Each structure stands twice: as C-alpha cells, then as structure tokens.
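All remarks here apply to the structure that follows.
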Amino acid sequence: QLQLVESGGGLVQPGGSLRLSCAASGFTLNYYEIGWFRQAPGKEREGVSCISSSGRNTYSVESVKGRFTMSRDNARNMIYLQMNSLKSEDTAVYYCAAKLVAAVRRSTCAMDSTHYDYWGQGTQVTVSS
C-alpha cells in the first residue's frame, strides 16, 4: 500500500526554522516527482516546492525562494523541506505529494496539485510569537 507520511511540523517563532520530512512506504521514490503543498485556513492549496524524479532540479514559489530548500534521499525513501526565516504567512498545513513519471520527464516537476496522485495527511506548521 503506497503511503506518504509527513512529520516535523509544529509551533515556531517568526524567524525560526523547521525541517519537514515526508516518508514514503509501499513504493520506491526513484521514479516519482514530489511536491510540497500548503493550505492555510480559508485559502486554496498552493504549491510550495517540487523536485524532479532525478533529484537534479527543484522549483519553488516566489514567496519562499531563498528561505525553503527541498531535497530527496532516495536511498532512505525520504523527502525533506528545510524552512528557514519563517514568517507568519507560512502558517498552514503542509502536504507532500507524489507522481510516478516516465523517463522523459526525469528533469522537471510540477507545482500544480492536480498533477499528483498520492498525498500525505499533512503536518501543521504554525509561525507565531
């Protein structure tokens, strides 16, 4: 059974850091694009960052560039989102998502939530003093 489980969320003060983890089970991540998404109360889900199945390319939404870094460890079947310089507007439930892709698509990834087939349950990040 394919499963994604996020962890690492919590309460942090503005300017602080958190590292979110996404553990995959029931499949190997090697041929999957991965995305991190977030949804704040009353807002639509938005793409935060994504990483290609090759791991060579990542993309981030403008509001987190320079602050968030996404990475993957295929050997451990893990995905990470390092979040630094957190702001109150980063408060949201964060989700990881996966999409099996063909070899021709190894070097890109999508920030569109409709692209992804598998989703975790989410982890809450609250940035507040």
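Bear in mind the structure is a predicted one, so any value in this text is a computation, not a measurement.
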- Passes side chain to side chain contact (heavy atoms under 4.5 Å, CB included), M78 versus C22? Steps please. CA-CA 6 Å; M78 295 290 294; C22 175; over 6 Å; no

- Message: Can you confirm whether Y31 is buried at OH, in the sense that more than 12 heavy atoms of other residues, nucleotides or ligands lie under 6.0 Å from that atom?
- Response: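 Open: at most 12 neighbouring heavy atoms sit under 6.0 Å from OH of Y31.
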
- For atom CD of E44, is the number of surrounding heavy atoms from other residues, nucleotides or ligands below 6.0 Å larger than 12?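 Incorrect, the count does not exceed 12.
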
Any side-chain heavy-atom pair from [X] and [Y] closer than 4.5 angstrom?
X   : Y   : answer
N57 : I51 : no
I79 : C96 : no
N74 : T28 : no

Could you report the tightest heavy-atom contact between [X] and [Y], atom names first, then the distance?
X    : Y    : answer
G122 : V93  : CA-CG1, 3.8 Å
L29  : N77  : N-OD1, 3.0 Å
S17  : Q82  : CB-NE2, 4.0 Å
E33  : V101 : OE2-CG1, 3.2 Å
D90  : V127 : CB-CG2, 4.3 Å
A92  : Q124 : O-NE2, 3.4 Å

- Message: Would E46 and R38 count as a side chain to side chain contact (heavy atoms under 4.5 Å, CB included) here? Give the steps.
- Response: CA-CA 6 Å; E46 70 165 341; R38 65 186 179 187; 2.6 Å; yes

- Task: Assess whether side chain to side chain contact (heavy atoms under 4.5 Å, CB included) is satisfied between T69 and M83, documenting all intermediate values.
- Result: CA-CA 7 Å; T69 303; M83 306 187 297; over 6 Å; no

- Message: If we check side chain to side chain contact (heavy atoms under 4.5 Å, CB included) with M70, which of these qualifies: Y59, W36, Y80?
- Response: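 Considering Y59, W36, Y80, a side chain to side chain contact (heavy atoms under 4.5 Å, CB included) with M70 is found only for W36.
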
- Task: Starting from the C-alpha separation in whole Å, work towards a yes-or-no answer on side-chain hydrogen bond (donor to acceptor under 3.5 Å, both in side chains) for S54 and S52.
- Result: CA-CA 5 Å; S54 68; S52 64; 3.1 Å; yes

- Who are the side chain to side chain contact (heavy atoms under 4.5 Å, CB included) partners of A97, not counting sequence neighbours?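 Residues passing side chain to side chain contact (heavy atoms under 4.5 Å, CB included) with A97: F37, Y116, W119.
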
- Residue pair L81, Y94: steps toward the side chain to side chain contact (heavy atoms under 4.5 Å, CB included) verdict: CA-CA 10 Å; L81 184 68; Y94 283 71; 4.2 Å; yes

- Query: Counting N and O atoms only, with roles assigned by atom type, does the side chain of T91 sit under 3.5 Å from a partner on the main chain of S88, one being a donor and the other an acceptor?
  - Reply: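 Checking the backbone N and O of S88 against the side chain of T91, a donor-acceptor pair under 3.5 Å is found.
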
- Check whether any side-chain N or O of R67 sits under 3.5 Å from a backbone N or O of S63 as a donor-acceptor pair, and report yes or no.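 Yes.
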
- Task: Just grab all the salt bridge (charged side-chain N to carboxylate O under 4.0 Å, His left out) pairs involving residues 14-23, residues at least two apart or on different chains.
- Result: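 Checked against salt bridge (charged side-chain N to carboxylate O under 4.0 Å, His left out) - neighbours excluded - no pair reaches residues 14-23.
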
Gap between atom [atom2] of [Y] and atom [atom1] of [X] - 0.5 Å precision:
X    : Y    : atom1 : atom2 : value
L100 : D117 : CG    : CG    : 8.0 Å
E62  : S60  : CD    : OG    : 9.5 Å
L20  : S49  : CG    : OG    : 11.0 Å

- Task: Tell me yes or no: between the side chains of S53 and R106, is some donor less than 3.5 Å from an acceptor?
- Result: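 Short answer, yes.
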
- Message: Grouping I, L, V, M, F, W and Y whenever their side-chain heavy atoms are under 4.5 Å apart, do L2 and I34 come out in a common cluster?
- Response: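 Same cluster: L2 reaches I34 through Ile, Leu, Val, Met, Phe, Trp or Tyr contacts under 4.5 Å.
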
- With R45 as the cation and Y95 as the aromatic partner, state whether NZ or CZ is under 6.0 Å from the six-membered ring centre and within 45° of the axis.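 Yes, R45 lies over the aromatic ring of Y95.
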
